[in-house]
Amino acid sequence: MTTMTEASVREFKMPDVGEGLTEAEILKWYVQPGDTVTDGQVVCEVETAKAAVELPIPYDGVVRDLHFPEGTTVDVGTAIISVDVGGGSAAPAAEQPAAVRPAAAAPAEELKAAGSGRQPVLVGYGVATSSTRRRPRKGPEVPVQQASTAIQTELNGHAPVAPAAPEAAATAAPAGTERPLAKPPVRKLAKDLGVDLTTVVPTGPDGIITREDVHAAVAAAVPVVTEPQVAPAPAAVQAPASYDTARETRIPVKGVRKATAAAMVGSAFTAPHVTEFVTVDVTRTMKLVEELKADKEFTGLRVNPLLLIAKALLVAIRRNPDVNASWDEAAQEIVVKHYVNLGIAAATPRGLIVPNIKDAQAKTLPQLAESLGELVSTARDGKTSPAAMQGGTVTITNVGVFGVDTGTPILNPGESAILAVGAIKPQPWVHKGKVKPRQVTTLALSFDHRLVDGELGSKVLADVAAILEQPKRLITWA
């Protein structure tokens, strides 16, 4: 068999398809050994912590080998596919089984070449030198000590401080030495909690600082008093594997769902949330929606109440620009944005995602309708790119589509406000001195009280409500 060190063989490495991502799971291969590929051809689909993304190959050639099977999580910068770009034929069938070769079966020198050192990537920056891993298929039991740690972390919000092992008892590296090893989410957590990573003792493989290490550092610095916990039933001491039993189904928390969970926990315990509510008569808005559907300017576009709610929020932000801001913990500054990247929460098979419309404040109503339509259809197809979910400034979540009256939404990290829209339904309402059935909804605005006080938050919510009650204000307040 021809070795992988030939000059004609190119190794395509897992790129950083987002902003500082460190790993991705291979969901599906579109090629097999022996297939001919061309520059720009999609060879596989991967899932990162932010989205599912299709990867194109950057050169022409014949596929020699797929280094990892579907379902494997691979570090950024690790070679995942070998392509012969010299025009040679594929290796004999006996040397290229139809099934993808497991990583463990690869020759040691190939794995070393693929995973050692800091490799250049197509997008973003380098890679940690940790190993790949296969997604769990069965449900092996977790040691009681490990499960107890996980349970206490869930109940208390931090991991218990375990007695230090002799080799882990060394003090953390002093400031000014080599930069501590930690993945971007862990660095973000440390920044939010005010933890200096140079003071944290790492317990992860190859000296990597984990989330538990950060929580342990916080717990060590600030004594936490907790109530006695009831010992869990034996059935709870199991790994979160993806399998069914007669009484329960366990689903691994990973990818988009894992990233969303971490972001929501970080937001809830970092930004002081305040939520205000208002119930409003939107009968005139609903009539305007029907009129716009018949307008030729909106031919082929999807017109619904969300369109006018989004426009109302944009007008309210223009009237109260300080609400469109973020909190810079490191600089101790409030950063007011002069643009609005309007996020729309969307439920997808892979979990909740929040893509955003860039520079939404500059769009006309038909342009906003077109952008909303594209955003929703792309999210439903699972094709939302990581870039589409970055840089949001304020968000709308429409819980009304589920028949829910309202809710108390959690802020997206880095944003200062999120508007929840409840179900629109006929209710008895005093209109012109008489009780009549009117179309009514309840709005809820959550905001970060560090940078949005009660007056500012109330003004924004009142403006949105006033516009939806009298949509002509979209013109008079423009």
Side-chain angles (χ1 to χ4, degrees), residues 18-19 48-51 188 256-257 259-268 270-271 273 275 302 304-318 320-327 335-348 350-363 367-402 406-422 443-448 451-452 457 460-461 464:
E19 184 177 328
T48 70
K50 298 182 178 180
K188 175 66 165 58
V256 173
R257 192 180 299 273
T260 300
M264 292 300 97
V265 171
S267 175
T270 302
H273 285 56
T275 305
R302 184 175 181 180
N304 54 26
L306 180 60
L307 171 62
L308 295 184
I309 293 169
K311 190 65 176 179
L313 179 57
L314 292 170
V315 172
I317 291 173
R318 185 168 67 246
N320 305 275
D322 288 348
V323 76
N324 187 47
S326 62
W327 180 272
V335 184
V336 179
K337 312 294 177 62
H338 302 301
Y339 58 90
V340 181
N341 290 347
L342 181 62
I344 304 294
T348 73
R350 290 191 173 91
L352 179 70
I353 63 174
V354 188
N356 59 77
I357 300 172
K358 310 297 184 186
D359 292 311
Q361 83 289 344
K363 294 183 180 294
Q367 290 172 340
L368 187 61
E370 182 178 7
S371 296
L372 278 171
E374 293 174 353
L375 180 149
V376 172
S377 61
T378 301
R380 288 176 177 173
D381 293 340
K383 302 299 182 183
T384 302
S385 67
M389 292 183 284
Q390 297 170 0
T393 62
V394 67
T395 293
I396 296 176
T397 177
N398 185 7
V399 298
V401 296
F402 305 107
T406 190
T408 53
I410 297 178
L411 294 167
N412 283 320
E415 299 182 14
S416 61
I418 179 171
L419 177 70
V421 182
L443 307 174
L445 183 72
S446 291
F447 49 88
D448 186 341
L451 48 100
V452 179
V460 172
L461 185 58
V464 174

Test your reading of the model: is there a side-chain donor-acceptor pair from [X] to the backbone of [Y], 3.5 Å cut-off?
X: T393; Y: V340; answer: no
X: H273; Y: S446; answer: no
X: N341; Y: N356; answer: no
X: N398; Y: G400; answer: yes
X: T378; Y: L375; answer: no
X: D448; Y: S326; answer: no
X: N324; Y: K337; answer: yes

### Message
If I compare all heavy atoms of A379 with all of A346, which pair ends up nearest, and what's the gap?
### Response
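For A379 versus A346, the nearest heavy atoms are CB-CB, 4.0 Å.
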
### Query
Roughly how far apart are K363 NZ and L314 CG, rounded to 0.5 Å?
10.5 Å

Are any of the side-chain heavy atoms of [X] and [Y] separated by less than 4.5 Å?
X: T406; Y: V399; answer: no
X: V323; Y: P321; answer: no
X: V460; Y: L445; answer: yes
X: L372; Y: I357; answer: yes
X: N304; Y: R302; answer: yes
X: L419; Y: L461; answer: yes

### side chain to side chain contact (heavy atoms under 4.5 Å, CB included) evaluation trace for L342 with V394
CA-CA 6 Å; L342 181 62; V394 67; 3.9 Å; yes

#### Entry: T397, N412, I396, T384 screened by side chain to side chain contact (heavy atoms under 4.5 Å, CB included) with V354, the one that passes
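The single option meeting the side chain to side chain contact (heavy atoms under 4.5 Å, CB included) with V354 is N412.
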
#### Entry: Distance-only side-chain donor-acceptor flag, T408 / T275, under 3.5 Å
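No, no side-chain donor-acceptor contact under 3.5 Å.
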
